[in-house]
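Here the structure is a predicted model, which means the values were calculated and not measured.
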Amino acid sequence: SLLHRYKDWDGFGWVARPLGSLLYEFLERHLDCIEATVGPIDIATTVPPSPDSGRGFDHLANLIAAIQAWPIQWRHDVLVRGPGARPARAEVTAGLYQPTGAVDITGSRVLLLDDTWTSGSTLASAADALRQAGAASVAGLTLGRQLHAGYGSADDLIDTTAAHGF
């Protein structure tokens with residue numbers, strides 16, 4: 001809920017530090033695991049926001065800027081998103097994201113961050129653009145997982161979570 005409000009309204013800017021801290025802590029604990037799978041990360045970047053969002057700010061760039069030191073170097077000039085609707089649920093939309101050319105990604109191992117995972121289509125579409133531009137591998141990472149009944153594997157996760165309790 002906080003992540004959704006943060007990305008939709010810059011007035012929730014104060015949330016950048018706790019969300020950034022959560023991401024930082026995750027990477028501190030698990031970057032070795034990610035790199036054991038894909039190799040050392042050459043480029044860490046984010047899924048860029050839609051120019052049609054009307055936000056006027058890049059919520060993931062702001063979140064990353066809220067933390068002073070990272071275990072990896074972030075780049076926000078790797079991809080741009082073209083205009084148009086978000087990808088359909090569970091579908092890769094080729095051409096929705098484009099490399100900027102500011103960074104040579106040929107042969108690179110890329111860590112790609114998105115804010116939330118609902119069906120994976122946004123992250124997969126951005127990862128597809130990186131692979132088409134020559135990235136050797138792309139590891140996707142999200143801050144949150146939306147669980148809406150009827151979307152992909154959400155029903156199984158909702159049932160499993162309900163069975164565990166708190």
Side-chain angles (χ1 to χ4, degrees), residues 1-27 30-31 34 38 41-106 108-135 137-148 151-152 154:
S1 178
L2 277 177
L3 181 58
H4 179 74
R5 285 174 178 78
Y6 167 66
K7 79 181 218 177
D8 285 342
W9 183 48
D10 200 20
F12 263 71
W14 61 270
V15 177
R17 187 168 299 278
L19 289 174
S21 295
L22 178 67
L23 176 61
Y24 176 89
E25 188 68 25
F26 179 87
L27 286 173
H30 300 289
L31 185 58
I34 295 168
V38 300
I41 299 298
D42 301 307
I43 300 168
T45 192
T46 59
V47 173
S50 169
D52 301 332
S53 71
R55 286 188 193 111
F57 69 101
D58 182 339
H59 63 291
L60 289 176
N62 290 353
L63 183 147
I64 289 167
I67 306 301
Q68 297 301 311
W70 286 94
I72 54 176
Q73 181 67 41
W74 291 96
R75 299 284 309 245
H76 302 292
D77 59 350
V78 178
L79 288 173
V80 302
R81 180 170 166 185
R86 72 182 336 162
R89 300 275 185 224
E91 290 184 19
V92 174
T93 302
L96 184 61
Y97 297 94
Q98 295 293 322
T100 63
V103 179
D104 181 12
I105 58 176
T106 305
S108 296
R109 291 170 297 271
V110 181
L111 177 64
L112 179 62
L113 173 69
D114 201 1
D115 52 9
T116 57
W117 175 286
T118 302
S119 72
S121 60
T122 303
L123 187 67
S125 295
D128 180 65
L130 292 167
R131 284 191 301 274
Q132 293 298 322
S137 62
V138 179
L141 175 63
T142 60
L143 287 172
R145 171 71 158 98
Q146 289 195 31
L147 296 177
H148 295 292
Y151 287 132

- For Asp42, does its backbone N or O pair with a side-chain atom of Ser108 as donor and acceptor, under 3.5 Å? no
- Can you measure from CD1 (Ile72) to CD1 (Ile41) and round to the nearest 0.5 angstrom? 7.0 Å
- So which heavy atom on Ile105 is nearest to which on Ala133, and how close? CD1-CB, 3.3 Å
- Note on the structure: For Ser125 and Thr93 the tightest heavy-atom approach is OG-N, 2.8 Å
- Query: In terms of the angle between their ring planes, are Phe26 and His30 parallel, tilted or perpendicular, with boundaries placed at 30° and 60°?
  - Reply: tilted
- Query: Is any side-chain heavy atom of Thr116 closer than 4.5 Å to a side-chain heavy atom of Thr142?
  - Reply: no
- Query: Hey, does Thr122 have a side-chain heavy atom less than 4.5 Å from the side chain of Tyr97?
  - Reply: yes
- Starting at CH2 of Trp14, measure out to CG of Leu19 and round the result to the nearest 0.5 Å. 8.5 Å
- Message: Looking at every non-hydrogen atom in both residues, tell me the closest pair between Arg75 and Val103 and how far apart they are.
- Response: NH2-CG2, 3.2 Å
- Task: Return the minimal non-hydrogen interatomic distance between Leu112 and Thr46, and the atom names on each side.
- Result: CD1-C, 3.8 Å
- Item | Contact check, side chains of Leu23 and Ile67, non-hydrogen atoms, under 4.5 Å | no
- Message: Working to the nearest 0.5 angstrom, can you tell me the gap between Asp115 CG and Leu63 CG?
- Response: 9.5 Å
- Message: Looking only at side-chain N and O atoms, does Asp58 offer a donor or acceptor that is under 3.5 Å from a partner on His76?
- Response: no
- Message: Is any side-chain heavy atom of Val78 closer than 4.5 Å to one of Leu130?
- Response: yes
- Heavy atoms, side chains only, cut-off 4.5 Å: are Leu27 and Leu141 in contact? yes
- Message: Just so I know, are the side chains of Val47 and Leu79 near enough to count as touching, which here means a heavy-atom distance under 4.5 Å?
- Response: no
- Just how far is it from atom OG of Ser50 to atom CG of Leu96, taken to the nearest 0.5 Å? 8.0 Å
- Query: What closest approach, in Å, do Pro48 and Arg81 show between heavy atoms, and which atom pair accounts for it?
  - Reply: CG-N, 3.8 Å
- Query: Stepwise, does the side-chain contact (heavy atoms from CB on, under 4.5 Å) test hold for Leu143 with Leu60?
  - Reply: CA-CA 10 Å; Leu143 287 172; Leu60 289 176; 4.2 Å; yes
- Determine yes or no for a side-chain-to-main-chain donor-acceptor pair under 3.5 angstrom, with Thr100 supplying the side chain and Asp77 the backbone. yes
- Look only at the side chain of Arg109 and the backbone of Ser137, and say whether a donor-acceptor pair between them is shorter than 3.5 Å. no
- Considering all heavy atoms of both residues, which atom of Ala129 and which atom of Pro99 are nearest to each other, and what is their separation? O-CG, 4.3 Å
- Is a side-chain donor or acceptor of Trp70 paired with a backbone partner of Ile64 at a separation under 3.5 angstrom? yes
